[in-house]
Amino acid sequence: MQLFFSGLLAVLLSACSGMPLRGTGDLGLVVERASSHVTLVNTSSREAYARIGGLGDLSHASVVYSRDARYAFIFGRDGGLTKVDLLEARIVKRIMQSGNAIGGSISQDGRIVVAQNYTPGGIKAFDAETLELLSEVPAEYAPGSFSKVVGLADVPGNKFAYALFDGGEIWVSDFSDSKRPVTKRYPAGLQPYDGLVTPDGRYYLAGLFGEDGIALLDLWQPEQGSRKILEKYGRGEEKLPVFKMPHLRGWSVAAGRAWLPAIGRHEVLIADAASWKETGRVAVKGQPVFVMASPDGRQVWVNFAFPDNGWVQVIDTLTGKIVQTLQPGKAVLHMEFTPRGEAVWLSARDDNRVVIYDTKTFRNLGSLAADAPSGIFFTSRAARIGF
Amino acid sequence: MSSSRFLYALTAILLGSLAMPGMAELTAARQKELVHLVRQDCGSCHGMTLRGGLGPALLPATLADKPAEGLVATIIGGRPGTPMPPWHRFLAEDEAQWIVERLMAGFPE
């Protein structure tokens, strides 16, 4: 039945002139990490409607959307950058932009897509329309030394903030002139592993792997420089091994506080999002990977690194207590809330399934088959700062 | 059995017996689990195709000059000060050895 539906839709969609008019606000895609495919999904009908292949190595692939939320830009591990049309369910353009990439972001005005690369370390800016290279900023933090780039986030003013894993710095590149970006550098600390910008675009945070703490830059007053928050959260205790690096994004802010994964501790750290002082922590099942607030900020969902990646826990942001512990499937890699958060989709890689939960009742609403699913990306990201 | 598979199996047996005299062969089921672990969970840092990510590439060409014992020790004990974690809770020494041999020969799918 589902197959018939997607077949029908494909036929309808490919008959271009006769394409049914529809918006994309309830569409999205699921990355199938091992098979170079993405599955296009509809979050209203909770169904897959098309599948697109030939996308290269999609381990750690991430996706951003054009500002009209029609096109997905998929950044593959192998440096592939693919523009996919969600309505026509086809690849519009595909380029190989580097040897080893980790993600990307799109500018405030929607005209520039930027990829962040491990090798060669740096960022590259492309025309969102044509995927033509506009400019690049090599992450050369010392003469001849290039850094892996992590935590790329779009910030207001057609700027992008990112962190240098090897260089220990935060860089902010201004693409007002997209062919001649201007970059400012700030100290971060030892081994920043990812970064995020708060939903209002004001603060950039870089999580540190090599030391306890998070580097913070106030983008409204960058002249004040960066500083460190949540310093020494490990209290000098020995770190637990980290079998997978946590991921940070703007979804970490909820109920006036930031909810952040600790490194090497089975804890979520809570900081006041104005003073940036620690206000508490929550003990959880394992090393947190995604600490993700629901769109209304009432809940924070947490998944975990190997070997605890079969668990998901839900924190109530009012009480700071865990209200639910779930086992959605084997190897839960990612979660994504529907635009207003009545449901959350989770990928269970080793069960080859995407599982959907009701966020109010925690009832399982169903599942979709997918081949080793990893990232799930809905078009609601198109309108968010920092994505 | 195709000739390449035969050769592969032969190499595996030879390597196994050279490196681990008297050590029991890993069961086929365990080998399958290890392949999955390396591709998926080591892959989160080294890339699913092992061409590198936050961690370096683990391809025959990049590992060729490195002594196998050192690589086994890295897997078992991790590398303090870097994101490479110790895997001794999940991997026995002979299993890490098996992984290193497979990595150096070209890792199975």
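Just so we're on the same page: letters track the sequence lines, and every chain starts at 1.
For chain B, the option among A/Leu58, A/Val242, A/Thr119, A/Leu333 with the highest count of heavy-atom pairs below 4.5 Å is A/Val242. With chain B as partner, the option from A/Tyr193, A/Phe209, A/Phe243 having the largest number of non-hydrogen pairs under 4.5 angstrom is A/Phe243. Across B/Met84, B/Arg89, B/His36, B/Gln40, the residue that shares the most heavy-atom pairs under 4.5 angstrom with chain A is B/Gln40.
Using a 4.5 Å cut-off between heavy atoms, A/Ala34 contacts chain B through both its backbone and its side chain. Neither the backbone nor the side chain of A/Asp78 has a heavy atom closer than 4.5 Å to any heavy atom of chain B. Interface remark: A/Asp166 contributes no atoms to any contact with chain B (heavy atom separation under 4.5 Å). For chain B, the nearby parts of A/Arg33 are the backbone and the side chain; heavy atoms of each come within less than 4.5 Å. The contact between B/Leu37 and chain A is made entirely by side chain atoms (from C-beta outward), counting heavy-atom distances below 4.5 Å. Only the side chain of A/Phe165 comes within contact range of chain B, with at least one heavy atom under 4.5 Å from a heavy atom of that chain.
Under the 3.5 Å distance criterion, the side-chain polar atoms of A/Asp57 are left unmatched by any main-chain donor or acceptor of A/Arg77. Here the side chain of A/Arg265 pairs no donor or acceptor atom with the backbone of A/Glu237 at under 3.5 angstrom.
Relative ring orientation between B/Phe107 and B/Trp98 is described as perpendicular, the plane-to-plane angle rising above 60° on a 0-90° scale split at 30° and 60°.
Counting heavy-atom neighbours within 6.0 Å of B/Arg51 CZ, excluding the residue itself, gives a total of 12 or less. For B/Arg79, the CZ atom sits in a loose shell: 12 or fewer heavy atoms of surrounding residues, nucleotides or ligands are nearer than 6.0 Å.
When every heavy atom of A/Tyr162 is checked against every heavy atom of A/Val137, the shortest pair comes out as OH-CG1, 3.5 Å.
Proximity of the aromatic rings of A/His334 and A/Phe377 is defined here by a centroid distance below 6.0 angstrom, and this criterion is met.
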